[in-house]
2 protein chains.
Amino acid sequence: MKISTKGRYALRVMVDLASREEGVYTPLRDVAERQGVTVKYLEQIIPLLHRAGYLKSFRGNAGGYRLSKAPANYTVGDILRTAEGSLAPIACLDAEENDCERREICCTLPFWTGLNKVINDYVDGVTLADLLEDWKAHSGDRYAI
Amino acid sequence: MKISTKGRYALRVMVDLASREEGVYTPLRDVAERQGVTVKYLEQIIPLLHRAGYLKSFRGNAGGYRLSKAPANYTVGDILRTAEGSLAPIACLDAEENDCERREICCTLPFWTGLNKVINDYVDGVTLADLLEDWKAHSGDRYAI
DNA sequence: CTATCATACCACTGGAATAGTAGGAATACA
DNA sequence: TGTATTCCTACTATTCCAGTGGTATGATAG
């Protein structure tokens with residue numbers, strides 16, 4: 001039950017951008033270098049966040065991306081669900097998929113529902129600002145994304 | 001982030017067997033029929049549970065599988081980890097994989113560690129007996145696996 | 001004692017999803 | 001005109017998932 005690279009990198013990109021000065025555009029090249037990922041692969045992940053309205057972009061020379069809102073206004077849950085599609089541990093819990101005919105007699109469904117709630121409660125309770133703060137505190141002055 | 005059919009079916013097989021009379025061997029054919037899965041596919045999943053010592057088998061005519069212990073002695077976490085390999089949401093958290101060089105400076109690792117704990121605490125807090133009991137209560141007399 | 005049947009057990013395969021790579025067009029600015 | 005960027009589309013290698021065909025084993029009927 002793994003989160004794919006889409007979700008993992010998306011979160012790291014968001015934290016990276018959250019750590020930059022507010023309002024300035026950061027080129028993907030810089031993010032990719034700091035995060036140890038290729039620009040080309042990030043270019044495939046960023047649009048998911050962009051289309052969701054989480055990022056503003058600027059093309060051309062000296063362009064790049066920046067957050068649309070302050071870091072405290074993004075929950076990690078929103079970011080992961082945007083990149084991954086859904087965090088539900090089984091398809092039966094996704095809105096489009098709950099047509100399973102065993103639904104009423106399934107002996108494991110209540111368990112999965114509980115797991116789903118535990119996961120979503122956790123990820124929705126953490127914001128980008130929380131991540132950034134904890135991590136600055138942990139790294140002291142010499143923090144670097 | 002989905003649990004695969006291995007984990008899902010493994011859990012259903014265990015609950016199914018837990019609902020049978022204690023000590024008797026139940027053929028996979030019966031389990032497969034009740035669960036709406038092919039025998040062939042279950043035959044691929046069962047060995048994982050068998051090798052872990054969770055099940056006892058008996059070959060030949062009138063053979064089958066039964067639980068090794070009482071239902072209350074199996075946590076859902078143990079069953080899922082046996083079938084799935086690991087429930088960690090990212091590979092960095094698996095014992096064999098924590099050689100990532102970004103480990104000390106990773107801004108998201110604490111978040112993933114927390115998610116891992118939330119997930120494992122939940123699944124380790126539920127036993128087969130719990131599932132069976134809740135589900136009998138929910139279905140009344142006419143429960144059927 | 002032998003044939004038969006029901007069962008657990010083992011090995012293999014096709015297809016889908018993941019994780020990238022690559023080329024190039026559009027855009028903004030100097 | 002040149003350069004640095006976002007943006008779009010296609011391609012590929014690999015791994016994982018789901019499912020199938022065939023073999024070994026044990027009980028039992030004749």
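Below, each value reflects all heavy atoms present in this structure, side chains not excepted, and no hydrogens, waters or symmetry copies. Chain letters run A, B, ... following the sequence lines, proteins first and then strands; every chain starts at 1.
- Relative ring orientation between A:Tyr54 and A:Tyr74 is described as perpendicular, the plane-to-plane angle rising above 60° on a 0-90° scale split at 30° and 60°.
- Residue-to-nucleotide contacts include no donor-acceptor pair under 3.5 Å from the side chain of A:Arg59 to the base of C:dA28.
- Under the 3.5 Å distance criterion, the side-chain polar atoms of B:Asp130 are matched with a main-chain donor or acceptor of B:Thr127.
- Between the CD1 atom of B:Ile45 and the P atom of C:dC9 there is a distance of 15 Å, rounded to whole Å.
- A single hydrophobic cluster is seen to contain both B:Val37 and B:Leu17, as judged by linkage of ILVMFWY side chains at heavy-atom distances under 4.5 Å, directly or through other members.
- One interatomic measurement links the two molecules: CD of B:Gln35 to P of D:dA18, which rounds to 16 Å at whole-angstrom precision.
- Following rounding to the nearest Å, A:Ile90 (CD1) and D:dC17 (C1') show an atom-to-atom distance of 17 Å.
- A straight line from CZ of B:Phe58 to C1' of D:dA27 spans 8 Å, rounded to a whole angstrom.
- If you check the side chains of B:Ser19 and B:Asp16, you find no donor sitting under 3.5 Å from an acceptor.
- Counting any heavy atom pair closer than 4.0 Å across all strands shown, B:Tyr9 reaches no nucleic acid atom.
- The side chain of A:Tyr65 has D:dC7 as its nearest neighbour among D:dC7, D:dT5, D:dG22.
- Side-chain atoms of B:Lys40 come within donor-acceptor range of the base of D:dG21, with a qualifying N/O pair under 3.5 Å.
- Residue B:Tyr41 places none of its side-chain N or O atoms closer than 4.0 Å to OP1 or OP2 of D:dG19.
- Comparing A:Gln44 and A:Thr26 against DNA chain D, the residue whose closest nucleotide sits nearer the 5' end is A:Thr26.
- The local environment of NZ in B:Lys117 is sparse, with at most 12 non-hydrogen atoms from other residues, nucleotides or ligands closer than 6.0 Å.
- Between the C1' atom of D:dC16 and the CD1 atom of A:Ile3 lies a distance of 17 Å, rounded to the nearest Å.
- Between B:Glu84 and B:Asn61, the residue anchored nearer the 5' end of DNA chain D, judged by the nucleotide with its closest heavy atom, is B:Glu84.
- The nucleotide whose nearest atom lies closest to any side-chain atom of B:Glu43 is, among C:dG23, D:dA4, C:dC10, C:dC10.
- In the set D:dT5, C:dG20, D:dG19, the nucleotide with an atom closest to the side chain of A:Thr5 is C:dG20.
- Rounded to whole angstrom, the span from the CG atom of B:Leu48 across to the C1' atom of C:dC9 amounts to 13 Å.
- One hydrophobic cluster, built from ILVMFWY side chains closer than 4.5 Å, cannot hold both B:Tyr25 and B:Leu28; they sit in different ones.
- Residue A:Ile46 is out of contact with every strand shown, counting any heavy-atom pair closer than 4.0 Å.
- With the nearest nucleotide of DNA chain C identified for both A:Lys6 and B:Pro27, B:Pro27 has the one nearer the 5' end.
- Spacing between atom CD of A:Glu33 and atom C1' of D:dT5 amounts to 15 Å, rounded to whole angstrom units.
- Atoms CZ (B:Arg8) and P (D:dC17) sit 12 Å apart, rounded to a whole Å.
- For B:His50 and C:dA8, the shortest distance from a side-chain N or O to OP1 or OP2 is not below 4.0 Å.
- Side-chain N/O atoms of A:Ser4 include none lying less than 4.0 angstrom from OP1 or OP2 on C:dA17.
- For the OP1/OP2 pair of D:dT5 and a distance below 4.0 Å, the side-chain nitrogens and oxygens of A:Arg29 include at least one atom meeting the criterion.
- A close approach under 4.0 Å does occur between a side-chain nitrogen or oxygen of A:Thr38 and OP1 or OP2 of C:dT21.
- Checking the phosphate oxygens (OP1, OP2) of C:dA8, no side-chain nitrogen or oxygen of B:Tyr25 falls inside 4.0 Å.
- OP1 or OP2 of D:dC7 lies within a sub-4.0 Å distance of a side-chain N or O belonging to A:Ser57.
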